Amino acid sequence: MARSRVPAAASPAKLGPLLSRRFFARSVHEVAPELIGATLLVAGVGGLIVEVEAYHHTDPAAHSYGGETPRNRVMFGPPGFAYVYRSYGIHWCVNFVCEAEGSASAVLIRALAPTHGLGVMRKHRGLDDERSLCSGPGKLTQALGITIAHNGAPLDIEPFAIHRRTVEPDIVTGPRIGISKAIELPWRYGLKGSRFLSKALPG
DNA sequence: ATCTAGATGTCCT
DNA sequence: GGACATCTAGATG
(Lines give C-alpha, C1' and ligand atoms only; values in the text may rest on other atoms or scores of the structure.)
Protein backbone atom coordinates (compact mmCIF):
# COMPACT_ATOMS: atom_id res chain seq x y z
CA MET A 1 0.00 0.00 0.00
CA ALA A 2 1.03 3.55 -0.62
CA ARG A 3 1.83 5.73 2.30
CA SER A 4 -0.93 8.04 3.46
CA ARG A 5 1.34 10.98 2.84
CA VAL A 6 4.35 11.17 0.57
CA PRO A 7 6.89 13.74 1.75
CA ALA A 8 7.17 16.59 -0.67
CA ALA A 9 10.18 16.44 -2.92
CA ALA A 10 12.88 18.85 -1.86
CA SER A 11 11.51 22.03 -3.34
CA PRO A 12 13.69 25.09 -3.75
CA ALA A 13 12.50 26.90 -0.67
CA LYS A 14 12.49 30.65 -0.79
CA LEU A 15 16.06 31.74 -0.16
CA GLY A 16 16.77 34.08 2.69
CA PRO A 17 19.52 36.70 2.63
CA LEU A 18 23.11 35.59 2.36
CA LEU A 19 24.70 34.85 5.71
CA SER A 20 27.63 37.09 6.48
CA ARG A 21 30.76 35.97 8.24
CA ARG A 22 29.45 37.58 11.40
CA PHE A 23 26.64 35.02 11.60
CA PHE A 24 29.22 32.45 12.63
CA ALA A 25 30.81 34.57 15.37
CA ARG A 26 28.69 32.95 18.10
CA SER A 27 28.61 29.74 20.09
CA VAL A 28 28.49 26.59 17.97
CA HIS A 29 25.46 25.61 20.03
CA GLU A 30 23.60 28.67 18.77
CA VAL A 31 24.83 28.50 15.20
CA ALA A 32 24.37 24.75 14.64
CA PRO A 33 20.58 24.61 15.11
CA GLU A 34 20.15 27.87 13.17
CA LEU A 35 21.83 26.27 10.17
CA ILE A 36 19.05 23.68 9.94
CA GLY A 37 16.87 24.95 7.11
CA ALA A 38 19.52 27.24 5.64
CA THR A 39 20.58 26.64 2.05
CA LEU A 40 24.20 25.82 1.23
CA LEU A 41 25.35 26.41 -2.33
CA VAL A 42 28.79 25.94 -3.86
CA ALA A 43 28.97 27.49 -7.32
CA GLY A 44 25.17 27.42 -7.33
CA VAL A 45 24.90 23.72 -6.49
CA GLY A 46 23.55 22.41 -3.20
CA GLY A 47 20.49 22.28 -1.02
CA LEU A 48 18.78 22.71 2.29
CA ILE A 49 20.88 21.86 5.34
CA VAL A 50 19.04 19.11 7.23
CA GLU A 51 21.75 17.73 9.55
CA VAL A 52 24.77 19.20 11.37
CA GLU A 53 26.96 18.45 14.38
CA ALA A 54 28.66 20.88 16.77
CA TYR A 55 32.31 20.45 17.76
CA HIS A 56 34.22 22.58 20.25
CA HIS A 57 37.85 22.89 21.26
CA THR A 58 36.99 21.63 24.76
CA ASP A 59 35.22 18.60 23.30
CA PRO A 60 37.26 15.37 23.22
CA ALA A 61 35.61 14.42 19.93
CA ALA A 62 36.76 17.60 18.17
CA HIS A 63 39.76 17.63 15.84
CA SER A 64 40.98 20.75 17.64
CA TYR A 65 40.91 19.11 21.08
CA GLY A 66 44.57 18.19 21.03
CA GLY A 67 45.77 21.56 19.79
CA GLU A 68 46.66 23.03 16.45
CA THR A 69 48.09 20.86 13.68
CA PRO A 70 48.54 21.53 9.96
CA ARG A 71 45.25 19.76 9.27
CA ASN A 72 43.06 21.65 11.75
CA ARG A 73 44.77 25.03 11.42
CA VAL A 74 41.69 26.70 9.92
CA MET A 75 39.63 25.78 12.99
CA PHE A 76 41.89 28.05 15.06
CA GLY A 77 41.36 30.98 12.71
CA PRO A 78 38.47 33.46 12.54
CA PRO A 79 34.83 32.36 12.20
CA GLY A 80 33.02 32.25 8.88
CA PHE A 81 35.50 30.07 7.00
CA ALA A 82 35.38 26.51 5.71
CA TYR A 83 37.42 23.80 7.42
CA VAL A 84 37.78 20.84 5.04
CA TYR A 85 39.50 17.62 6.07
CA ARG A 86 39.95 14.14 4.67
CA SER A 87 38.01 11.44 6.42
CA TYR A 88 39.19 7.83 6.53
CA GLY A 89 41.67 8.61 3.79
CA ILE A 90 38.91 8.75 1.21
CA HIS A 91 36.25 11.39 1.71
CA TRP A 92 36.19 15.13 2.25
CA CYS A 93 34.12 16.65 5.05
CA VAL A 94 33.26 20.33 5.46
CA ASN A 95 32.82 22.36 8.65
CA PHE A 96 31.90 25.99 9.25
CA VAL A 97 34.25 27.64 11.75
CA CYS A 98 32.37 29.45 14.54
CA GLU A 99 32.82 31.58 17.65
CA ALA A 100 36.02 33.63 17.83
CA GLU A 101 39.54 33.30 16.51
CA GLY A 102 41.36 30.75 18.64
CA SER A 103 38.14 29.17 19.93
CA ALA A 104 38.66 26.34 17.46
CA SER A 105 35.02 25.37 17.25
CA ALA A 106 33.10 24.37 14.14
CA VAL A 107 29.90 22.88 12.82
CA LEU A 108 30.16 19.76 10.66
CA ILE A 109 27.69 19.77 7.78
CA ARG A 110 26.32 16.24 7.55
CA ALA A 111 23.40 16.19 5.14
CA LEU A 112 21.46 18.28 2.63
CA ALA A 113 18.11 17.97 0.93
CA PRO A 114 19.17 18.53 -2.70
CA THR A 115 17.51 21.57 -4.29
CA HIS A 116 19.92 23.22 -6.73
CA GLY A 117 21.92 21.61 -9.53
CA LEU A 118 20.60 18.07 -9.21
CA GLY A 119 22.14 17.13 -12.55
CA VAL A 120 25.58 18.29 -11.47
CA MET A 121 25.29 16.43 -8.18
CA ARG A 122 24.20 13.22 -9.89
CA LYS A 123 27.18 13.48 -12.20
CA HIS A 124 29.61 14.10 -9.32
CA ARG A 125 28.18 11.20 -7.34
CA GLY A 126 27.66 8.82 -10.23
CA LEU A 127 24.22 8.10 -8.82
CA ASP A 128 20.63 8.90 -9.69
CA ASP A 129 18.95 8.37 -6.33
CA GLU A 130 18.13 11.81 -4.99
CA ARG A 131 18.01 10.50 -1.48
CA SER A 132 21.60 9.30 -1.60
CA LEU A 133 23.11 12.40 -3.17
CA CYS A 134 23.85 14.39 -0.01
CA SER A 135 22.77 12.17 2.92
CA GLY A 136 26.14 12.06 4.65
CA PRO A 137 29.15 14.33 5.19
CA GLY A 138 31.31 12.60 2.59
CA LYS A 139 28.48 12.35 0.12
CA LEU A 140 27.56 16.01 0.16
CA THR A 141 31.12 17.21 -0.41
CA GLN A 142 31.39 14.91 -3.40
CA ALA A 143 28.04 16.11 -4.74
CA LEU A 144 28.99 19.78 -4.38
CA GLY A 145 32.58 19.36 -5.52
CA ILE A 146 34.08 20.43 -2.18
CA THR A 147 37.74 19.41 -1.76
CA ILE A 148 40.81 20.47 0.18
CA ALA A 149 41.01 23.32 -2.33
CA HIS A 150 38.13 24.91 -0.39
CA ASN A 151 39.89 24.64 2.99
CA GLY A 152 40.10 28.12 4.50
CA ALA A 153 37.68 29.66 2.00
CA PRO A 154 35.35 32.39 3.30
CA LEU A 155 31.73 31.30 3.55
CA ASP A 156 30.28 34.63 2.38
CA ILE A 157 32.21 34.80 -0.91
CA GLU A 158 31.81 32.74 -4.07
CA PRO A 159 31.88 29.86 -4.69
CA PHE A 160 30.26 29.56 -1.24
CA ALA A 161 26.83 31.05 -0.63
CA ILE A 162 24.76 30.29 2.45
CA HIS A 163 21.23 31.64 2.60
CA ARG A 164 19.45 32.20 5.88
CA ARG A 165 16.38 30.05 6.41
CA THR A 166 13.02 31.69 5.83
CA VAL A 167 10.91 29.49 8.09
CA GLU A 168 11.49 28.19 11.59
CA PRO A 169 11.94 24.41 11.24
CA ASP A 170 11.16 21.65 13.74
CA ILE A 171 14.54 20.47 15.00
CA VAL A 172 15.43 17.18 16.67
CA THR A 173 18.69 16.45 18.48
CA GLY A 174 20.65 13.34 19.32
CA PRO A 175 24.13 11.91 19.83
CA ARG A 176 26.72 12.54 17.17
CA ILE A 177 27.66 9.86 14.67
CA GLY A 178 30.84 7.92 14.12
CA ILE A 179 32.72 9.18 17.17
CA SER A 180 34.08 7.25 20.13
CA LYS A 181 34.64 10.07 22.62
CA ALA A 182 31.93 12.20 24.25
CA ILE A 183 29.40 9.99 22.51
CA GLU A 184 26.69 10.93 24.98
CA LEU A 185 26.58 14.62 24.09
CA PRO A 186 23.43 15.38 22.03
CA TRP A 187 25.12 17.78 19.66
CA ARG A 188 23.68 16.43 16.44
CA TYR A 189 20.86 18.55 15.03
CA GLY A 190 18.44 17.47 12.33
CA LEU A 191 15.37 18.66 10.48
CA LYS A 192 12.50 16.71 11.95
CA GLY A 193 11.07 14.12 9.57
CA SER A 194 13.54 14.78 6.77
CA ARG A 195 14.21 11.77 4.57
CA PHE A 196 17.63 13.14 3.63
CA LEU A 197 19.29 12.56 7.02
CA SER A 198 22.41 10.39 7.14
CA LYS A 199 20.71 8.33 9.86
CA ALA A 200 17.32 8.60 11.48
CA LEU A 201 16.79 10.89 14.44
CA PRO A 202 13.87 10.64 16.88
CA GLY A 203 10.74 12.31 15.63
C1' DA B 1 17.30 -5.73 7.48
C1' DT B 2 22.25 -6.09 9.49
C1' DC B 3 27.06 -7.48 8.89
C1' DT B 4 31.51 -7.27 7.01
C1' DA B 5 35.77 -5.90 4.51
C1' DG B 6 38.27 -2.74 2.11
C1' DA B 7 39.51 1.86 0.29
C1' DT B 8 43.81 4.84 2.93
C1' DG B 9 45.23 10.59 4.82
C1' DT B 10 46.49 12.42 9.08
C1' DC B 11 47.49 12.21 13.79
C1' DC B 12 48.69 9.52 17.71
C1' DT B 13 51.62 6.23 20.66
C1' DG C 1 51.04 0.16 14.05
C1' DG C 2 46.28 1.80 15.34
C1' DA C 3 42.39 5.03 15.51
C1' DC C 4 39.47 7.95 13.04
C1' DA C 5 33.59 13.33 12.61
C1' DT C 6 32.95 7.53 6.07
C1' DC C 7 31.15 5.08 2.24
C1' DT C 8 30.48 1.17 -0.84
C1' DA C 9 29.82 -3.52 -2.36
C1' DG C 10 28.92 -7.99 -1.30
C1' DA C 11 27.34 -11.61 1.88
C1' DT C 12 24.00 -13.18 4.91
C1' DG C 13 19.30 -13.49 7.81
Side-chain angles (χ1 to χ4, degrees), chain A residues 1 3 24 27-29 31-33 35-36 40 42 46-47 49-77 79 81-99 103-114 121-153 155 171-191 194-202:
Chain A
M1 265 306 282
R3 293 174 185 281
F24 300 94
S27 161
V28 272
H29 301 301
V31 174
L35 285 171
I36 300 299
L40 166 62
V42 176
I49 298 174
V50 298
E51 182 182 337
V52 302
E53 286 175 357
Y55 287 90
H56 189 272
H57 186 191
T58 58
D59 168 2
H63 284 176
S64 52
Y65 183 68
E68 188 173 340
T69 68
R71 179 179 67 159
N72 64 23
R73 180 181 54 80
V74 173
M75 278 188 87
F76 288 82
F81 290 79
Y83 164 47
V84 181
Y85 70 94
R86 200 184 277 279
S87 174
Y88 290 87
I90 306 276
H91 311 286
W92 300 110
C93 295
V94 64
N95 295 251
F96 298 164
V97 177
C98 293
E99 302 197 2
S103 161
S105 66
V107 176
L108 171 67
I109 309 304
R110 288 193 55 90
L112 308 178
M121 290 193 272
R122 288 193 167 102
K123 183 177 174 187
H124 284 165
R125 294 274 294 126
L127 287 173
D128 280 341
D129 179 23
E130 185 178 334
R131 199 166 164 171
S132 301
L133 287 181
C134 298
S135 55
K139 296 177 185 180
L140 75 89
T141 55
Q142 185 182 34
L144 273 58
I146 296 173
T147 71
I148 194 63
H150 296 91
N151 190 38
L155 297 172
I171 293 174
V172 287
T173 64
R176 294 171 293 180
I177 299 218
I179 58 172
S180 59
K181 299 168 191 165
I183 59 177
E184 72 285 357
L185 297 174
W187 291 346
R188 177 176 176 232
Y189 300 87
L191 177 62
S194 171
R195 62 193 218 279
F196 298 100
L197 298 173
S198 65
K199 281 179 68 174
L201 273 160

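In what follows, every chain begins at residue 1, and chains take the letters A, B, ... in the order their sequences are listed. The structure presented is a predicted model; accordingly, all values stated were derived computationally and were not measured.
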Given the C1' atoms of C:dA9 and B:dG9, what is the spacing between them in whole Å?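 Their C1' atoms lie roughly 22 Å apart.
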If the P atom of C:dG2 is compared with that of B:dG6, how far apart are they to the nearest Å?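 It comes out at 15 Å once rounded to the nearest Å.
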Is there a side-chain contact between A:V28 and A:F96, using heavy atoms and a 4.5 Å cut-off?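 The answer is no; the side chains never approach within 4.5 Å.
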Under a 4.5 Å cut-off applied to non-hydrogen side-chain atoms, are A:Q142 and A:H91 in contact?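 No; the side chains remain at least 4.5 Å from each other.
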What's the [atom1]-[atom2] distance between [X] and [N], to the nearest Å?
X      : N     : atom1 : atom2 : value
A:Y85  : C:dA3 : OH    : P     : 18 Å
A:H57  : C:dA5 : NE2   : P     : 16 Å
A:R131 : C:dC7 : CZ    : C1'   : 17 Å
A:F96  : C:dA5 : CZ    : C1'   : 15 Å

When A:Y189 is tested against each of A:I49, A:V172, A:V52 for side chain to side chain contact (heavy atoms under 4.5 Å, CB included), which residue passes?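 Testing A:Y189 for a side chain to side chain contact (heavy atoms under 4.5 Å, CB included) against A:I49, A:V172, A:V52 leaves exactly one candidate, A:V52.
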Using the side-chain contact (heavy atoms from CB on, under 4.5 Å) criterion, which residues pair with A:D128? Sequence neighbours excluded.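 A:D128 satisfies side-chain contact (heavy atoms from CB on, under 4.5 Å) with A:R122 once adjacent residues are dropped.
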Applying side-chain contact (heavy atoms from CB on, under 4.5 Å), can you list everything that pairs with A:A62, at least two apart in sequence or on another chain?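 Once residues adjacent in sequence are excluded, the partners of A:A62 under the side-chain contact (heavy atoms from CB on, under 4.5 Å) criterion are A:Y55, A:D59, A:S64.
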Hey, what are the protein-to-nucleotides 1-4 of chain B N/O distances that come in under 3.5 Å?
none

Full working for side-chain contact (heavy atoms from CB on, under 4.5 Å) between A:T58 and A:Y65: CA-CA 6 Å; A:T58 58; A:Y65 183 68; 5.7 Å; no
Main chain of [Y], side chain of [X]: is a donor-acceptor contact present, judged purely on distance under 3.5 Å?
X      : Y      : result
A:E53  : A:I177 : yes
A:R195 : A:R131 : no
A:S198 : A:R110 : no

Does CD1 in A:I148 sit with more than 12 non-hydrogen atoms of other residues, nucleotides or ligands closer than 6.0 Å?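 Yes, the 6.0 Å shell around CD1 holds more than 12 heavy atoms from other groups.
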Assess whether atom CZ of A:F76 is packed by more than 12 heavy atoms of other residues, nucleotides or ligands within 6.0 Å.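 Count over threshold, so yes.
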Could you list by number each residue of residues 180-190 of chain A showing a heavy-atom separation from DNA chain C of less than 4.0 Å, or answer none if no residue does?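 Output list: A:S180.
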For DNA chain B, what string of dots and brackets results from 5' to 3' when Watson-Crick and G-U pairs need both distances under 3.5 Å, crossing pairs get [ ], and pairs with another strand get |? |||||||.||||.
Between N or O atoms, less than 3.5 Å apart, protein on one side and nucleotides 6-13 of chain B on the other: list the pairs.
from   : atom 1 : to    : atom 2 : distance (Å)
B:dT8  : O2     : A:Y88 : O      : 3.3
B:dC11 : OP1    : A:T69 : OG1    : 3.0
B:dC11 : OP1    : A:R71 : N      : 2.9

Please pick, from C:dA5, C:dC7, C:dT6, the nucleotide with the shortest atom-to-atom distance to any side-chain atom of A:I179.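 Selected nucleotide (nearest to the side chain): C:dA5.
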For the residue pair A:S27 / A:H29, report whether a side-chain donor-acceptor contact shorter than 3.5 Å exists.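 No donor-acceptor contact under 3.5 Å links the two side chains.
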How about A:H57 and A:E99: does a side-chain donor come under 3.5 Å of a side-chain acceptor?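 No, A:E99 and A:H57 have no side-chain donor paired with an acceptor closer than 3.5 Å.
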